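So that the names make sense, note that chain A is the first sequence line, chain B the second, and so on, each numbered from 1. None of the values given here were measured: they were computed from a predicted structure.
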Number of protein chains: 2
Amino acid sequence: MPHPLPLSRQEPPPRVACSGCHLRSLCLPQGLHATAAAWLDGMVSAQLAVPRGQALLRAGAPLESLYAVRTGFFKTRVTAQDGREQVAGFQMAGDLLGLAGIASGRHTVDAVALEDSQVCVIPFGRQLGVGADVQALQQQLLRIMSRLIVHDHGVMLLLGSLGVRERLAAFLIRLTQRLQALGYSASALVLRMTREDMGSYLGMKEETVSRAFTWLQAQGLLEVRQREIRILDPQGLQQVAAAGSR
Amino acid sequence: MPHPLPLSRQEPPPRVACSGCHLRSLCLPQGLHATAAAWLDGMVSAQLAVPRGQALLRAGAPLESLYAVRTGFFKTRVTAQDGREQVAGFQMAGDLLGLAGIASGRHTVDAVALEDSQVCVIPFGRQLGVGADVQALQQQLLRIMSRLIVHDHGVMLLLGSLGVRERLAAFLIRLTQRLQALGYSASALVLRMTREDMGSYLGMKEETVSRAFTWLQAQGLLEVRQREIRILDPQGLQQVAAAGSR
DNA sequence: CGCAGTTTTGACGTGTTTCAACTACTGTGG
DNA sequence: CCACAGTAGTTGAAACACGTCAAAACTGCG
């Protein structure tokens, strides 16, 4: 059976069970019981490969599915009516994409893969809407969204009350924490996004991001080689992030 | 039967039905059917009066209820570990308080009444968690939280990409829109919060807020007398808010 | 009436953006 | 394999927006 699709699918779609996924505890944190997990297996209809640079979501498109990142790295981007754009967040393994679209039934962000990625497709239409045993999952969704709101509060605090060096330091700390939760090193990381992306997210210009990196390096807190970052003094970085210099 | 409580309750607790509340369409927007609305009536266990200045919620306190604002005006405030504070939002009739606490089971913000207010108490504990007919309401909650996330994205965009005058203009526009949805005038409003509160929310100092007001007034867009604002040129204000001057 | 909190205004300092040039990488085709 | 172009990142100097510090005017309240 021939493939009418472009070559975006790298492998034949493997029907992977959530209950066996090593990211299970991330997608579905605190005790989602066996029954619910098994049910979720049915929910995830397929996996999808998204090559680097491709948009998985487009603002304005009808919300048909949510997506859970399995591997790879995404950025989401919001666009104001007047055309201003801003990176709204970065998503990695275990994160959900599309939640902001639930309210209106249409996506409100673009989600672009920053590296070749794989996502689980969670059809939202009928199933999550009127399903029978949806309770536990909806509750899970509530928690996830609540956490997102808390996170956004943190970002607003960051944008409103910190200077640029502090913002970058806080960003790096958050990022390493998330990476660490996925089993990566806490002291070495490879940034998947450009300086401009970071700047957009953190409310500063790319040149300023660059200067902030240079400064953190000069303080002996980081070692920066392009997108490869080594954190030399996590505690010192923490202190920088905490010092409201504005 | 004597009251062991402090004098925070101004009236005997009237058991008000949501289905008869004139705010119904705000708390429970798009078609929540009669059955669900009736069920919600049972959900709202009581009303509570909150005098001006009093905290209805405290960060860290266990999440026992959500609250729906019936009358009045609140601010929510987040606090970083290092003590930095920021206003995270303003809530008025029809808005829900406490959503950010669902993730952890504890409140993450302080909610302070900016004027004498009344709220509906929505016990969260068992009822919303394992209830039988919860489906529709949970779905409603999902939509509300999703909308909140979208809103927060807007605020982040504002903080990250606009100058202070633009930020204030955008804030005023949003505020009048919400007030208008409640039936108030679109061109005259009374601010319930201080300049400092606005500044905290918008990421600027109170002096800067004041200057921004003065500037908007000098442009002939507003008439400012303390907290009483008259919008003279809504369209012009819109244009200011859209012009990314940073 | 007086006092405390809020708001406004001014002068000044500094952090961030802007504009511009230059350097370091990445991938592509000769 | 190297040359090349295109993209991403760095660095510098000057402009300017916002913060800071200080003081005065206004408001509300006891």
Side-chain angles (χ1 to χ4, degrees), chain A residues 51-53 73 75 84 86-87 112 114-116 158-172 190-219 222-229 240-241 243-246, chain B residues 51-53 75 84 86-87 112 114-116 158-172 190-219 222-229 240 243-246:
Chain A
R52 171 184 164 154
F73 208 95
K75 70 172 173 186
R84 271 176 302 124
Q86 177 159 356
V87 173
V112 180
L114 295 178
E115 61 179 353
D116 292 347
L158 202 124
L159 288 172
S161 73
L162 292 184
V164 290
R165 283 111 174 244
E166 292 79 11
R167 268 181 267 178
L168 182 57
F171 171 69
L172 291 173
V190 177
L191 299 171
R192 254 69 222 218
M193 70 295 280
T194 66
R195 300 286 194 262
E196 192 181 8
D197 283 335
M198 280 183 267
S200 174
Y201 180 61
L202 296 171
M204 53 209 247
K205 288 285 131 76
E206 58 180 307
E207 296 97 322
T208 312
V209 174
S210 183
R211 279 185 245 270
F213 266 122
T214 307
W215 186 86
L216 289 172
Q217 191 172 25
Q219 304 301 303
L222 298 181
E223 193 184 309
V224 184
R225 221 172 25 240
Q226 298 301 129
R227 299 197 180 176
E228 286 162 34
I229 310 288
V240 169
S245 95
R246 185 175 153 181
Chain B
R52 170 184 165 152
K75 70 173 173 185
R84 273 175 301 125
Q86 177 159 355
V87 173
V112 180
L114 294 179
E115 61 180 353
D116 291 348
L158 205 123
L159 288 172
S161 72
L162 292 184
V164 290
R165 306 199 272 231
E166 292 80 11
R167 267 180 267 178
L168 182 57
F171 172 71
L172 291 174
V190 178
L191 299 171
R192 255 67 224 219
M193 71 293 283
T194 66
R195 301 286 193 260
E196 192 181 9
D197 281 336
M198 280 182 267
S200 175
Y201 180 61
L202 296 172
M204 53 210 246
K205 288 285 132 77
E206 57 182 308
E207 297 97 322
T208 312
V209 175
S210 184
R211 278 186 243 271
F213 266 121
T214 307
W215 186 85
L216 289 172
Q217 191 172 25
Q219 305 299 305
L222 297 180
E223 193 183 309
V224 184
R225 220 169 28 239
Q226 298 301 127
R227 299 195 181 179
E228 286 163 33
I229 310 288
V240 169
S245 95
R246 187 175 149 181

### Summary
Regarding the side chain of Val164(B), the nearest nucleotide among dC18(D), dT8(C), dT17(C) is dC18(D)
### Message
Under 4.0 Å, counting only non-hydrogen atoms across every strand here, what does Arg227(A) touch: a base, just sugar-phosphate, or nothing?
### Response
sugar-phosphate
### Message
Does Thr194(A) reach a base, just sugar-phosphate, or nothing at all? Heavy atoms under 4.0 Å.
### Response
sugar-phosphate
### Message
Rounded to whole Å, how long is the line connecting atom NZ of Lys205(A) with atom C1' of dT10(D)?
### Response
17 Å
### Query
Just how far, in rounded Å, is C1' of dG9(D) from CD of Glu196(A)?
11 Å
### Query
Just how far, in rounded Å, is P of dG19(D) from CG of Leu202(B)?
11 Å
## Note on the structure
Counting primed atoms, P, OP1 and OP2 as sugar-phosphate and everything else as base, the B/S/- map of nucleotides 21-30 of chain D against protein heavy atoms under 4.0 Å is B-----S---
### Gap between atoms CH2 and P, on Trp215(A) and dT16(C) respectively (whole Å)
11 Å
### Message
Expressed as a whole number of angstroms, how long is the span from Leu191(A):CG to dC25(C):C1'?
### Response
15 Å
### Distance, rounded to the nearest Å, where Arg165(B) contributes CZ and dA17(D) contributes P
7 Å
#### Entry: Terminal helix-axis angle for the helix from dT6(C)-dA25(D) to dG30(C)-dC1(D), with five pairs defining each axis and rounding to 10 degrees
40°
### Query
Distance from Leu222(B) atom CG to Leu216(B) atom CG, nearest 0.5 Å?
5.0 Å
### Query
Whole-Å distance between dT7(C) C1' and Met193(B) CE?
15 Å
